[in-house]
Protein chains: 2
Amino acid sequence: MFPAVTIQPTDFFAALAHETRLRCLILLMRHPELCVCELTHAIGAVQPHVSRHLAQLRELGLVTDRREGLWIFYRVSPVLPDWVAAVLRETFDAVCGERPFVEDDRVLALMANRPGVPRCA
Amino acid sequence: MFPAVTIQPTDFFAALAHETRLRCLILLMRHPELCVCELTHAIGAVQPHVSRHLAQLRELGLVTDRREGLWIFYRVSPVLPDWVAAVLRETFDAVCGERPFVEDDRVLALMANRPGVPRCA
DNA sequence: GCTCAATATTCGTTTTGGGGTATGTTTCCG
DNA sequence: CGGAAACATACCCCAAAACGAATATTGAGC
């Protein structure tokens with residue numbers, strides 16, 4: 001019904017203004033949820049770097065996290081204000097085919113030993 | 001045909017991440033064009049402050065400027081990439097009724113001695 | 001030519017944000 | 001209970017961004 005969070009426009013745009021955070025968000029829009037090690041691997045950064053920027057997205061309410069065993073899975077918040085979701089979608093459509101966003105998803109697809117999703121038969 | 005400029009997503013969002021720049025852009029979306037003194041008056045800041053942030057918007061290609069006598073009129077660039085224009089429109093629709101954006105336009109409407117537009121009979 | 005009005009830019013300083021590395025916390029497993 | 005794995009946080013340092021005030025530029029009018 002009501003979006004759970006109120007997000008200041010300038011805070012929202014500041015969150016999108018960093019490449020690491022934008023790359024994480026784009027990846028999270030391609031997949032229902034991803035854990036930190038997947039995001040870290042896809043982006044090719046060190047883990048504290050990714051964790052720090054994920055924390056900023058979380059504090060703003062753009063993403064939510066869920067613990068499952070050792071892993072913490074992030075997903076795009078399902079209760080975003082409509083205009084925030086709309087801006088994210090417009091941005092996604094515009095950049096999902098560009099660098100470095102395409103490569104990020106390709107690198108993720110080639111990742112071995114991914115938790116959760118890739119259960120073999 | 002082709003948008004004249006290529007704008008990096010992170011640069012674009014960084015431009016929107018400052019309140020002064022966002023307030024200028026919202027005002028410029030309500031009016032075909034505005035000069036610096038109008039923007040300065042509406043926002044209630046000192047002139048160098050507004051000029052500096054307008055310069056950043058101009059360097060990014062989000063606005064264009066046109067000199068007419070002593071005044072320099074700014075307007076939202078007519079050749080923005082589609083997704084940039086779409087994000088601006090979504091943002092405008094979301095915030096144009098909120099503070100401080102409504103007040104900015106009210107203050108502007110009450111401004112005396114505006115150049116250009118308000119020619120009396 | 002001089003002067004004033006509108007705007008832009010520069011300078012010095014302060015603040016904010018990001019990076020790298022080390023360390024802390026939580027959970028699972030044996 | 002003692003590891004090790006996954007992730008978060010803290011600390012210190014540097015660079016980019018913003019601010020206030022002063023100054024430079026541009027054009028109009030006389």
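Protein chains get the first letters and strands the later ones, always in sequence-line order, with residue 1 at the start of each.
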Indicate for each nucleotide in nucleotides 18-30 of chain D, in 5' to 3' sequence, whether protein heavy atoms under 4.0 Å reach the base (B), only the sugar-phosphate (S), or nothing (-).
-> SBB-B---SBS--
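The nearest whole Å value for the distance from the CD atom in B:Glu59 to the P atom in D:dA16 is 16 Å. Spacing between atom CD of A:Glu38 and atom C1' of D:dC7 amounts to 14 Å, rounded to whole angstrom units.
In the 5' to 3' direction, nucleotides of DNA chain C lying under 4.0 Å from heavy atoms of chain A begin and end at C:dG18 to C:dC28.
The salt bridge (Lys or Arg N to Asp or Glu O under 4.0 Å) search around B:Arg30 returns none, not counting sequence neighbours.
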Could you give the side-chain donor-acceptor pairs of residues 97-109 of chain A under 3.5 Å, partners two or more places apart or in another chain?
from	atom 1	to	atom 2	distance (Å)
A:Asp104	OD1	A:Arg23	NH2	2.8
A:Asp104	OD2	A:Arg23	NE	2.8
A:Asp105	OD1	A:His31	NE2	2.7

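Applying the ring-ring contact (aromatic ring centres under 6.0 Å, His included) test to every pair with at least one member in residues 46-69 of chain B, sequence neighbours left out, gives these pairs: B:His18-B:His53, B:His49-B:His53. Here salt bridge (charged side-chain N to carboxylate O under 4.0 Å, His left out) pairs that include residues 39-67 of chain B, with residues two or more places apart or in two chains, are B:Glu33-B:Arg66, B:Arg58-B:Asp65, B:Arg66-B:Glu68.
Put simply, A:Tyr74 has no side-chain N or O that comes within less than 4.0 Å of OP1 or OP2 on D:dA6.
Taking CD of B:Glu38 as the start and CE of B:Met111 as the end, the distance is 5.5 Å to the nearest 0.5 Å.
The hydrophobic cluster containing A:Val46 does not contain A:Leu22, counting ILVMFWY residues as joined when their side-chain heavy atoms lie under 4.5 angstrom apart, directly or transitively.
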Chi angles and distances behind the side chain to side chain contact (heavy atoms under 4.5 Å, CB included) call for B:Val76, B:Leu62 | CA-CA 6 Å; B:Val76 176; B:Leu62 292 182; over 6 Å; no
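Between A:Tyr74 and A:Cys35, the closest side-chain pair of non-hydrogen atoms is not below 4.5 Å.
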